[in-house]
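Written below as structure tokens is the structure these notes are about.
Because only heavy atoms are used, hydrogens play no part in the values below, and waters and symmetry mates are left out as well, while side chains stay in. For reference, positions follow the sequence shown, starting with 1. Because the structure is predicted, anything quoted here is derived from the model rather than measured.
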Amino acid sequence: MAEENSGGEERTEAPTPKRRQEAKQQGQVARSRELTTLLAMLAAAGCLLIFGSHMADSLLDVLRQGLHVERGTIFDPQAPIRLLRELIGKGLWAVGPLALAMLFVALVAPVALGGWTFSAKALAPQLARLNPLKGFKRIFGVHGLVELAKGLAKVVLVGALGSYMLWQSLGDFQALATEPLQPAMHDAARLLINTFFLLAAALGLIALVDVPFQLWDHTRKLRMTKQEIEDELKQTEGKPEVKSRIRALQQQAAQGRMLEQVPKADVVVTNPTHFAVALRYDPLQMRAPKLMAKGADLIAQRIRRLAQDNGVPLFEAPQLARALHYTTELDREIPAELYLAVAQVLAYIYQLRGHRRAGADRPARPEPAVPEEFLNYVQSRRGRR
């Protein structure tokens, strides 16, 4: 059954990455004590397997040195203190590998499941935990029942395997009392290693169930309502009206940069009223003419007005203007299929400038032709417009 929030809405949605990150910052991560205990048991068994012989010999030396005291040393008041310090140092050195292994596991084991995290919020006192009603809810809830089941499983499995190990090794344990000290130390280490591995197997079975449950339970606690998802989306991406305003400002800025290119154009091809396209061609820097600005309706009017104010000639060619507008992006070369039509327009503009300077008659105005496939494409685009 889905959980409900304080407003009564069901938490049916999976937590978002932002929700998981916020929970991690508050110290809420998936943790499995059974996995930590299992790794600690395996680390201890592995350390004893590798360093057990060295540890047994070192502890044996500590035992011998502690029990063998010369008569003269007994009457020296400072001797027991020096001997105690020396024995403590040797004892720590003997169990050092085991202590380091356990420390390493204590630091790394939590990271294996929920990752490393430190949160001051998790250390702060929470008065809500003192609420007895919530306490009963935690005890008799899903998490409390699972913890109870795990505790019973550990008692049964560990107790059963421990009893079995003790029964099977009872003769070995009894034989320790009759062996010399050094072989007895090594045999005791071997029995301890076997016990650790056997208990680790029992804890492994519990961890195989506990780890998936902890991951599922952590995700369940972080589930969100649909309204929370929408609120987070608004906070992350912004409110629709703000985003719309930002897009409008971006479009205005882009239009401003585009209109700044109109005075640099060689010609503006018009529809004549609905479309306007500004073209520029520099044979030393360009392979083909480029489209510097384009627009429809009000933008087309501004392009024509800027062209007139800056002495850029206008050329009325409805089909060519529409074809350039629909097929060419800003600051891009025109399509190769329109080379001939645009070349006719540019040649006319260049001739017109030359004839004006020379005072000659006005050149014949060309009628640039647009390929049929471009006309069909423009017609389809206008139909969707």
Are [X] and [Y] joined in one hydrophobic group, where the rule is that I, L, V, M, F, W and Y side chains link up if heavy atoms are under 4.5 Å apart?
| X | Y | answer |
| --- | --- | --- |
| Leu340 | Tyr350 | no |
| Val62 | Trp93 | no |
| Met292 | Leu320 | no |
| Val269 | Met286 | yes |
| Leu100 | Met55 | no |

With sequence neighbours excluded, residues passing side chain to side chain donor-acceptor pair (under 3.5 Å) with [X]:
| X | answer |
| --- | --- |
| Arg257 | none |
| Arg85 | none |
| Tyr281 | none |

Nearest-0.5 Å distance, [atom1] of residue [X] to [atom2] of residue [Y]:
| X | Y | atom1 | atom2 | value |
| --- | --- | --- | --- | --- |
| Gln255 | Ile299 | CD | CD1 | 3.5 Å |
| Met258 | Leu291 | CE | CG | 9.0 Å |
| Met41 | Thr37 | CE | OG1 | 7.5 Å |
| Cys47 | Met102 | SG | CE | 9.0 Å |
| Gln344 | Arg365 | CD | CZ | 11.0 Å |
| Asp61 | Leu87 | CG | CG | 10.5 Å |

With sequence neighbours left out, the residues meeting side chain to side chain contact (heavy atoms under 4.5 Å, CB included) with Phe104 are Val108
What are the two closest heavy atoms between [X] and [Y], and how far apart are they?
| X | Y | value |
| --- | --- | --- |
| Pro289 | Val342 | CG-CG1, 3.9 Å |
| Leu330 | Lys294 | CD2-N, 3.9 Å |
| Leu259 | Pro263 | O-CD, 3.6 Å |
| Ala364 | Tyr348 | O-CD1, 3.5 Å |
| Val370 | Ala323 | CG1-CB, 4.0 Å |
| Val268 | Ala307 | CG2-CB, 3.7 Å |

Close side-chain approach of [X] to [Y], heavy-atom, < 4.5 Å:
| X | Y | answer |
| --- | --- | --- |
| Leu83 | Ile81 | no |
| Val267 | Val345 | yes |
| Asp266 | Ile349 | no |
| His274 | Arg322 | no |

Not counting sequence neighbours, which residues clear salt bridge (Lys or Arg N to Asp or Glu O under 4.0 Å) with [X]? List them please.
| X | answer |
| --- | --- |
| Lys264 | none |
| Glu372 | none |
| Arg332 | none |
| Glu260 | none |

Report the hydrophobic cluster partners of Leu84, with the cluster defined as I, L, V, M, F, W, Y residues connected by side-chain heavy atoms closer than 4.5 angstrom, directly or transitively.
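Once heavy-atom contacts under 4.5 Å are chained together, Leu84 belongs with Ile88, Leu92.
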Show me the pairs that pass salt bridge (Lys or Arg N to Asp or Glu O under 4.0 Å) and involve residues 267-281, at least two apart or across chains.
none
Taking 4.0 angstrom as the limit, do Arg82 and Glu86 come out as a salt bridge?
no
Using residues 191-212 as the side-chain source, report each donor-acceptor pair under 3.5 Å to any protein atom, sequence neighbours left out, with the distance given to one decimal.
| residue | atom | partner | partner atom | Å |
| --- | --- | --- | --- | --- |
| Asn194 | ND2 | Arg190 | O | 3.4 |
| Thr195 | OG1 | Leu191 | O | 2.8 |
| Asp210 | OD1 | Lys150 | NZ | 2.7 |
| Asp210 | OD1 | Gln214 | NE2 | 3.1 |
| Asp210 | OD2 | Ser32 | OG | 2.3 |

Validation: residues 309-317 side-chain donor-acceptor distances under 3.5 Å, sequence neighbours left out:
| residue | atom | partner | partner atom | Å |
| --- | --- | --- | --- | --- |
| Asn310 | ND2 | Leu306 | O | 2.7 |

Under the side chain to side chain contact (heavy atoms under 4.5 Å, CB included) test against Val277, which residue among Asn271, Ile334, Thr328, Leu324 passes?
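Going through the options one by one, the only one that passes is Leu324.
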